[in-house]
Amino acid sequence: MGRFQITEQDRAFMKEAIRLAEESIDLGGGPFGAVIVKDGEVVASTSNSVTIDNDPTAHAEVNCIRKACKALGTFDLSGCVIYSSCEPCPMCLGAIYWAHIDRIYYAGDRKDAAKVGFDDDFIYKELAKEMSERTTPIISMMPAEGVSPFDKWRLKTDRIDY
């Protein structure tokens, strides 16, 4: 694992993420769980609820980030570590980066997920393509008007940067 030594405490947090993933199946959710830890203490833990909530963004990692932010009263999870039962998909990876989580541990990988129908490789391939070549059309329009919100944000003196 490179420069990080995996501890028994890390293993315990990962076992909990895996337990949540298995429990999620019984509850009607997807087979994914996540745990966020800060200073050796669990801040949030949950599972995938895409089918339960009819929300395609309700992946375990995103749900866990939302819970952790609420628990800590911040949108910045610097100092936290996430344990995911599976390698995070591109959406979850983006959310983890936006949350500024320090480290990601995962158990199963994207190939394991693809074997049971969760194939994120399509998204990774799409992101590598030029926008004009992607499966879902992405059309730029009104670019001059589109910078107006950014101009307003730049001039706002009491903004909270993130």
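Scope of the values below: all heavy atoms of this structure, side chains included, with no hydrogens, waters or symmetry mates. Nothing fancy with the numbering, it's 1 onward along the sequence. Just so you know, these numbers come straight off a predicted model, no measurement behind them.
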Rounded distance [0.5 Å steps], [atom1] in [X] versus [atom2] in [Y]:
X	Y	atom1	atom2	value
C89	D119	SG	CG	12.0 Å
T135	K129	OG1	NZ	4.0 Å
I82	Y105	CD1	OH	13.0 Å
H59	S47	NE2	OG	12.0 Å
E22	L27	CD	CG	12.5 Å
C64	I36	SG	CD1	4.0 Å

If every non-hydrogen atom of [X] is compared with every non-hydrogen atom of [Y], which pair is closest and at what distance?
X	Y	value
C92	E61	SG-OE1, 3.2 Å
S85	P31	OG-O, 4.0 Å
D53	S49	OD2-OG, 2.6 Å

**Item:** Exceeds 12 heavy-atom contacts within 6.0 angstrom, atom CD of E130
**Value:**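 Not more than 12 within 6.0 Å, no.
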
**Asked** Around atom CZ of F75, are there more than 12 heavy atoms of other residues, nucleotides or ligands at under 6.0 Å?
**Response**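 Yes, because the 6.0 Å sphere around CZ of F75 holds more than 12 heavy atoms from other groups.
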
Could you tell me whether a side-chain N or O of [X] sits under 3.5 Å from a main-chain N or O of [Y], the two making a donor and an acceptor?
X	Y	result
D76	S78	yes
R103	V81	no
S84	I104	no

**Prompt:** Would R66 and T57 count as a side-chain contact (heavy atoms from CB on, under 4.5 Å) if you check the C-alpha gap in whole Å, the side-chain angles of each, and the deciding distance to 0.1 Å?
**Reply:** CA-CA 11 Å; R66 290 173 179 155; T57 69; 3.4 Å; yes

**Salt bridge flag under 4.0 Å for residues D112 and R110** =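 Salt bridge absent between D112 and R110.
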
**Item:** Residue pair N63, K67: steps toward the side-chain contact (heavy atoms from CB on, under 4.5 Å) verdict
**Value:** CA-CA 6 Å; N63 287 345; K67 282 181 74 172; 5.7 Å; no

Checking [X] now: which residues fulfil side chain to side chain contact (heavy atoms under 4.5 Å, CB included) with it, not counting sequence neighbours?
X	value
R19	E16, E23
L72	K38, V43, T74, L77, C80
Q9	T7, F13

**Prompt:** Under 6.0 Å between the ring centres of F118 and F32?
**Reply:**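 Under 6.0 Å, so yes.
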
**Prompt:** What is the ring orientation for Y162 with W153, classed by angle as parallel under 30°, tilted 30 to 60°, or perpendicular over 60°?
**Reply:**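 Y162 vs W153 ring planes: perpendicular.
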
**Asked** Is it true that L20 and V62 fall in one hydrophobic cluster, defined by side-chain heavy atoms closer than 4.5 Å?
**Response**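 Different hydrophobic clusters.
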
